[in-house]
Amino acid sequence: MYKAIKMTEITRLESVFQDKVDKEIKVEAMDWMPEAYRKTNLRQISQHAHSEVVGMLPEGNWITRAPSLKRKAILIAKVQDEAGHGLYLYSAAETLGSSREEMVADLLMGKAKYSSIFNYPTLTWADMGAIGWLVDGAAILNQVMLCRTSYGPYARAMVRICKEESFHQRQGFEALLELSRGTTEQKAMCQDAINRWWWPSLMMFGPKDSDSPNSELSMKWKIKRKTNDELRQQFVDMIAQQVKILGMTLPDSELKWNDKRGHFDFGEINWEEFWNVVKGNGPCNKQRLHARRAAHDNGSWVREAAVAYAEKKAAAKKQKVA
Ligand code: BYC
C-alpha cells in the first residue's frame, strides 16, 4: 500500500518536472528531479570536466616548443582556460551530490570517461592549430547547445566557457592560416595535422543516434538540445567551407555537397576505432592517465597545505569568538 502511494507521488512529481522542463524553466540544485536526470547530468558534467582537464595534456606538451613568444603566450592562456573550465564544471557537478574528490578518484582509477579526442598524440606544431580549429570547433558547437541545457548550474558554467572557446577556435584557425601561407614544409605540416585530426574530431560527437543509449532521455529532458548526428552534420557543413580558406582538403573522398539534403555528405566513421579509444585502448590512453595520476600525487602537498591553512584560520576565528 505504502509503495503504491509512493509510486503515484513519484509519477506526479515526474509529470510536474517534465512540465517545468517543457516550459523552459531551469532545474536548480535544490529542486526535485528524477534520479535518472540527476545521474545523467552528473555523468555528463563530470565527464566534461575530466575532458577539460585531460585536454590540457596534448597541448601542454607544446608550450616549451612554441615557435614564438606570441604563440607561447597564447598557448599558455588557452591551457589555463581549460583548467578553469574543468573547475567550473566540477563545481556544477558537485551540486548534484558528488564530491570533487570522488569524481577525480573515478578518473584516476580509469572508471570515468573523458573525450576520446584527447587520446591522440600531438606530433607537430601544426597540431596546436588543428586542435584549436577542429577540436575546439567541435566542442563549441556542442557547448553552445549546452548553454541552453535544462540544468541551471551546467547551463551557466557553459556561458563563460563558450566565450573562451570561441577565442580558442579562432587562434587555432589563425595558426593554421599562417602555416598554409608559409613554406612548402609548413603547408605539408598543416595538411598532415588536418588529416590526422579530422576523423577523431568527428568522433567527439559520440556514437550515431541509433547507437546512442543516452540520447532519447537526454533530449526529452532537454539536457541535450541536438542529437549527436545533428551536431556532427553541422560541424561537417561548417568545416567543409572553412577548409577552402586554408587552401587545404579534408581526408574524405566521399565529402560532397548534397543539394537535396542541403548538407555535405561524408564518409563512414571508423566506429571500431572510436569504441576502442573509449574503452581505454587508444594511442595515448595509458599515457594520459599516467600523467594525471603523477600530477595528482605531485600536488598532494598543495592540498595538505590548503587544509592546514583552513584549519589554522578556523582555529583563530574560534579563539577570537571565545
Ligand atoms: N569520447 O549515449 P551517448 C574541450 C560515451 S573538452 C568518450 O551518445 P551522451 C577541450 C558516452 O559517455 C569538451 N566517450 O552519450 C578541452 C556514453 O558512455 P556512458 C568535451 C564518449 O552522453 C581541452 C557512451 O559513449 N566536451 O573542449 O548522451 C582542449 C554512449 O554515448 C564519447 C564534452 O564533454 C566520446 N567522444 O552523448 C581543447 C561535451 N561520445 O557514459 C578542447 C559534453 C560518447 O553511458 N558531453 N561517449 O558510459 C556531451 O555532450 C555528451 O556526453 C556526448 C555523448 C555528446 C559526448
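Predicted, not measured: the structure shown is a model, and the values here were computed from it. We use all heavy atoms of the structure for the numbers below, so side chains are in, but hydrogens, waters and symmetry mates are not. Indexing begins at 1, ligand by ligand and atom by atom, following the structure's order.
Counting only heavy atoms of the protein, atom 30 (C) of ligand 1 lies nearest to P213 CD, 3.8 Å.
A salt bridge is defined here as a Lys NZ or Arg NE, NH1 or NH2 lying under 4.0 Å from an Asp or Glu carboxylate O, and R225 with E24 meets this definition. Remark: R303 does not engage E101 in a salt bridge, criterion side-chain N to carboxylate O under 4.0 Å. A salt bridge does not link K224 with E216: every distance from a Lys NZ or Arg NE/NH1/NH2 to an Asp or Glu carboxylate oxygen is 4.0 Å or more. With respect to the salt-bridge test (charged N to carboxylate O, under 4.0 angstrom), the residues K78 and D136 qualify.
Side-chain atoms of D127 and W197 include a donor-acceptor pair closer than 3.5 Å.
If you look at F274 next to ligand 1, the close heavy atoms, those under 4.0 Å, all belong to the side chain. When heavy-atom distances to ligand 1 are checked against a 4.0 Å cut-off, F205 comes that close only through its backbone atoms N, CA, C and O. With a heavy-atom cut-off of 4.0 Å, V277 does not touch ligand 1 at all. Residue contacts with ligand 1, taken as heavy atom pairs separated by less than 4.0 Å, do not involve H85 at all. The parts of N214 lying near ligand 1 are both backbone and side chain, judged by heavy-atom distances below 4.0 Å.
Ligand 1 has a nitrogen or oxygen under 3.5 angstrom from a nitrogen or oxygen of M203. Close N/O approach between N228 and ligand 1 is found [any backbone or side-chain N/O within under 3.5 Å]. Considering both main-chain and side-chain atoms, K224 comes within under 3.5 Å of ligand 1 through a nitrogen or oxygen pair. The N/O atoms of S215, backbone and side chain alike, include none that comes under 3.5 Å of an N/O atom in ligand 1. The shortest N or O to N or O distance between D136 and ligand 1 is not under 3.5 Å. Between S212 and ligand 1, at least one pair of N/O atoms sits closer than 3.5 Å.
Remark: atom 53 (C) of ligand 1 lies closer than 4.0 Å to no protein heavy atom.
Annotation: side chain of F118 is not in contact with side chain of C284 (no heavy-atom distance under 4.5 Å). When side chains are defined from C-beta on, N41 does not count as touching M33, because their heavy atoms never get closer than 4.5 Å.
Distances from atom 4 (C) of ligand 1 to the heavy atoms of M56, K113, E164, E52 put E52 nearest. Among S116, G206, A112, G282, the residue whose heavy atom lies closest to atom 35 (C) of ligand 1 is S116.
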